[in-house]
Number of protein chains: 2
Amino acid sequence: MNASDLMTIREMCDAFDVTPRTLRFYEAKELIRPERQGSRRLYSRRDRARLKLILRGKRFGFSLEDIRQMLNLYAREGSNLAQMQSTYDLARERLRLMEDQRDELEIAIAELKAELDAGAMMIAAARAAD
Amino acid sequence: MNASDLMTIREMCDAFDVTPRTLRFYEAKELIRPERQGSRRLYSRRDRARLKLILRGKRFGFSLEDIRQMLNLYAREGSNLAQMQSTYDLARERLRLMEDQRDELEIAIAELKAELDAGAMMIAAARAAD
DNA sequence: AACAAAGTTGACGTTAACGTAAGGCATAAC
DNA sequence: GTTATGCCTTACGTTAACGTCAACTTTGTT
C-alpha cells in the first residue's frame with residue numbers, strides 16, 4: 001500500500017486470499033472497477049470495500065449476479081427507498097432459503113446418524129461372528 | 001405394476017417423481033440395471049429398492065459416484081467386513097461435512113439477520129424522513 | 001543491455017447432474 | 001392402414017465460478 005492508498009493485484013490477492021483470476025473475473029462481471037496505470041490494475045480503498053462486500057455476500061450464499069445487482073443499487077443512490085427495499089427483499093428471501101436449507105440439513109443429519117448407528121451395530125455383529 | 005412385479009419407465013417416474021432422463025442417466029452411470037423386454041426397460045422390485053437408496057443418498061448430499069461405490073460394495077458381498085467398514089467411513093466423513101456445513105450456515109444466518117435488522121432500521125428512517 | 005518477475009488479454013477446460021432436441025422403431029387404438 | 005403414443009439412442013447444451021495455459025508487454029534488477 002503506497003502513499004495514494006492504491007494496491008496492486010497481488011497485494012489484493014494476499015490481503016483477501018483470492019487469486020488474480022478471481023479479481024479479473026469479478027471485474028469482467030462488473031463487480032469491481034479498478035483504475036488503470038497503463039495496463040496495470042490499481043485497487044482503491046473503495047474497491048477493497050466492494051470486494052469485502054462481495055466476499056461476504058458469497059458467504060451468505062448469494063450468487064455473483066445477485067451481489068452485482070445489490071452493489072449497483074447500493075451505489076447508484078444510497079437513499080433511494082425503492083431500491084433499498086428491493087435489496088432488502090432479496091436478502092430476506094435469501095434468508096428464508098438459508099433457513100430452509102439448514103432445516104433440511106438438520107433432518108438429513110439426524111437420518112444419517114440413525115443409519116450410522118444401525119450400520120455400526122451390523123459391523124460389530126459381523127466382527128463378532130468373524 | 002403387472003403380475004411379474006415389473007414397472008415401465010413411466011410408472012417408475014410417476015412413483016418416484018423423477019424424469020425418464022434421470023433413470024437412463026443413472027443406468028448409464030451404472031447405478032441401476034433394469035432388464036429389457038426388447039428395447040424397453042423394465043424395473044424390478046430390486047431396481048426400485050436401489051433407486052430408493054440412490055434418492056436417499058442424494059438427500060444426504062452424496063454424489064452419484066459415492067452412491068455407486070456404496071451400492072456396489074453393498075451388493076458384492078453383503079458380509080465383507082472391510083467393505084462395510086469403508087462404506088461406514090465414507091458416511092461418517094459425509095456426516096462431518098454436513099455438520100460443518102450446517103454450522104457455517106447457522107453463522108451466516110445469524111450475520112445476515114443482524115444485517116437485515118440494521119437495514120430495516122435504515123429503511124424505516126428513510127421512510128420517516130420522507 | 002539482458003534477463004527475470006509481474007501483469008495483461010484471450011480463450012478453452014472443468015464439474016455435476018441432468019435438460020433438450022433430433023430422428024427413428026414399435027405397438028396400440030381407431 | 002395409419003395416426004398417435006411411448007420408448008429408444010445419440011449427442012450437444014446448460015450453469016457457476018473460476019482454473020489453466022499460451023503468448024505478450026512492461027517493469028525492475030543486475
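It should be emphasised that the depicted structure is a prediction, and the values quoted were computed from it without experimental measurement. These values consider heavy atoms only, across backbone and side chains, with no hydrogens, waters or symmetry-generated copies. Convention: sequence-line order gives letters A, B, ...; per-chain numbering from 1.
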Got a second to check how far K58(B)'s NZ is from F62(B)'s CZ, nearest 0.5 Å? 13.5 Å

Got a second to check how far R40(A)'s CZ is from L42(A)'s CG, nearest 0.5 Å?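 R40(A) CZ to L42(A) CG: 9.5 Å, rounded to 0.5 Å.
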
Remember a base hit wins even if backbone is also touched, and classify R10(A) as base, sugar-phosphate or nothing at under 4.0 Å, heavy atoms.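 Here R10(A) touches the backbone only, sparing every base.
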
With a non-hydrogen cut-off below 4.0 angstrom, is R24(B) in contact with a base, only sugar-phosphate, or nothing? base

Nucleotide nearest T8(A) (side chain, heavy atoms from C-beta), chosen from dG7(C), dC18(C), dC8(D):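 That would be dG7(C).
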
In whole angstrom, give the distance that lies between atom [atom1] of [X] and atom [atom2] of [N].
| X | N | atom1 | atom2 | value |
| --- | --- | --- | --- | --- |
| K29(B) | dA16(C) | NZ | P | 7 Å |
| L6(A) | dG7(C) | CG | P | 14 Å |
| L23(B) | dA17(C) | CG | P | 15 Å |
| R41(A) | dT25(D) | CZ | C1' | 14 Å |
| E27(A) | dT9(C) | CD | C1' | 11 Å |
| F25(B) | dA16(C) | CZ | C1' | 7 Å |
| L55(A) | dA17(D) | CG | P | 13 Å |
| M12(B) | dC8(D) | CE | P | 12 Å |

Is there a donor N/O on one and an acceptor N/O on the other, under 3.5 Å, for the side chain of R21(A) and the base of dG19(D)?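 Under the 3.5 Å cut-off, the side chain and the base do form a donor-acceptor pair.
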
By nearest-heavy-atom nucleotide on DNA chain D, the more 5' of R40(A) and T19(A) is T19(A)

Toward the 5' end of DNA chain C, which comes first, S39(B) or K58(B), by nearest nucleotide?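 The 5'-side residue here is K58(B).
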
Phosphate oxygens OP1/OP2 of dT9(C): is one of them under 4.0 Å from a side-chain N or O of R36(A)?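 Yes, R36(A) has a side-chain N/O under 4.0 Å of OP1/OP2 on dT9(C).
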
Is Y26(A) near enough to dC18(D) that one of its side-chain N or O atoms lies under 4.0 angstrom from OP1 or OP2?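 Yes, such a contact exists.
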
With side chains defined as the heavy atoms from C-beta onward, is the minimum distance between I54(A) and Y26(A) less than 4.5 Å? yes

Residue that, paired with E27(B), satisfies salt bridge (charged side-chain N to carboxylate O under 4.0 Å, His left out) out of R21(B), R50(B), R36(B), R33(B):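 With E27(B) as partner, salt bridge (charged side-chain N to carboxylate O under 4.0 Å, His left out) holds for just one option, R36(B).
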
Flag yes if more than 12 heavy atoms outside R102(A) fall under 6.0 Å of its CZ atom; otherwise flag no. yes

